[in-house]
Amino acid sequence: MTEYAETVSWSSFLKSISSFSGDLSALSAPPFILSPVSLSEFSQYWGTYQDLFLAIAQINKQNYQAYYPQIRSIDTPEVTRMLAVLQWYLATLKCQYTSRTQKGGFEKKPLNPFLGEVFVGKWENNETKKGDTVFLSEQVSHHPPVNAFAVINEENNIQLQGYTQIKSSFSKTLKLNVKQHGHAIIDANGNSFLITLPAIHLEGMLVASPYVELEDKSYIQSSCGMIWRIEYSGKGYFSGQKNSFKANLYVNSTVMEKEGKPIYTVSGQWSGASTILDGSKEVLFSDISRYQPHSLQVKPIDNQHDLESRKAWDDVAKAIELGDMKLISQTKNKLENHQRKLRRKEEQENKHWQNRWFKRVDVIKAKTEPDLEGEAINKLVALAKLSGLSIKNIPSGSKHNTKEHKKATTASHWSFVMNNWLNEKEIKI
Ligand code: 0T9
């Protein structure tokens, strides 16, 4: 429970939630629960554990045995790579979902990115054979909010790209339920992986101390056929601990669907340690506290472009830090009015906002219009097919044999256009 839980402003905020319309940005919340950070920064966490990320591309026939010496039964580089993808993925979960609530902190309402907002940076990897990694995040849509992202390391020939859109609703008990649409795709030296985004919920609203818990399942489908099914639970489900998970690696999705025998089972806490069943022996798989997070380098605000997140939101962020309600709404209104003016002007001139580094591809049309086909979209289609997952615009990780899939009519996905980034003149990392 935080000191804010019993304040008038919090209880009237909770009351206002009962008439929630689905648009979180429209909720006006007391200043203590406002974050000075834009949601466009959140996708950086895909790259925080650089060493674990690059390992996915570095594992090969010659070196694979050196990666998990504690697991005796490993016999191929493919299996080793699948373990590496899971290990990296679990580390990203810790960053994405607990980095704001550590050390007594709680989840706050992030700034709602404007259309065309970008957040960029790099991870400098000074050791040889690592090279720098570029990070790009772009708000590709405002209604509904959609953030697209890319993490690129040329030296190791690895790239991650994806996008996320959230759909949220409050339950009667004031639990905020969030479904994510979108995915992430890794392309590493000819191997690709489709990663679905888990459903989440926010607990602790009544005590003014919200935190995220993951729920249900997500998948990691590899181009080699193997697939991870990861099941999530919080306190007191299949273990007494928060942030629990159980992941099964299957040789392919058919075996998974038939609940056949998994190649490996890993379980534990995604925010902490986990173990793997090696034959009949349980050995340590990963302990995230042993790995170094690598923070993203972002240019100082003075050197940033007007579309860059921290520069654009600077005045608002300062007002939030001061806790000054009036100043917060003044500075926010200024930004939002400017955005509205831009949209009106575009409408009058019959123009559309041009997305920068990502384009939206309709998978159904792409089949008949080959020039619409992006490489990532081809990968998405192929990986979704292997996994039995739907490619339509329904919550990430939904299967293709579901009611939701049958009902849905569109299949548009955001795809990274590398050339647009290579030709970028205005925004530097
Ligand atoms: C993609 C991530 C996502 C975004 C956030 C639900 C949430 C917005 C979406 C899903 C990232 O890769 C991972 C992490 C945390 C998610 C956020 C947690 C959160 O609280 C917000 C929502 C929109 C709120 O701000 C609710 C307001 C609440 C704190 C009461 C005022």
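Atoms within each ligand, like the ligands themselves, are counted from 1 in listed order. Numbering of residues begins at 1 and proceeds along the displayed sequence.
We find that K392 and E404 are not joined by a salt bridge, their nearest charged nitrogen and carboxylate oxygen being 4.0 Å or further apart. For the pair R229 and E259, the salt-bridge criterion is met [side-chain N within less than 4.0 Å of a carboxylate O].
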*Please test N147 against S137 for side chain to side chain donor-acceptor pair (under 3.5 Å), starting from the C-alpha separation and ending with a verdict.*
CA-CA 7 Å; N147 176 259; S137 158; 2.9 Å; yes
*Y4 vs F32, ring-ring contact (aromatic ring centres under 6.0 Å, His included): CA-CA, chis, key distance, verdict*: CA-CA 8 Å; Y4 305 104; F32 81 87; 3.7 Å; yes
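Side chain of S99 to backbone of Q96: no donor-acceptor contact under 3.5 angstrom is found.
Residue pairs meeting the side-chain hydrogen bond (donor to acceptor under 3.5 Å, both in side chains) criterion with at least one member in residues 417-429, sequence neighbours excluded: H305-E426, R356-E424, R356-E426, W357-E424.
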Just list the N/O pairs, ligand 1 to protein, that are under 3.5 Å apart, with the distance for each.
unit_1: ligand 1; atom_1: 12 (O); unit_2: Q96; atom_2: OE1; d: 2.5

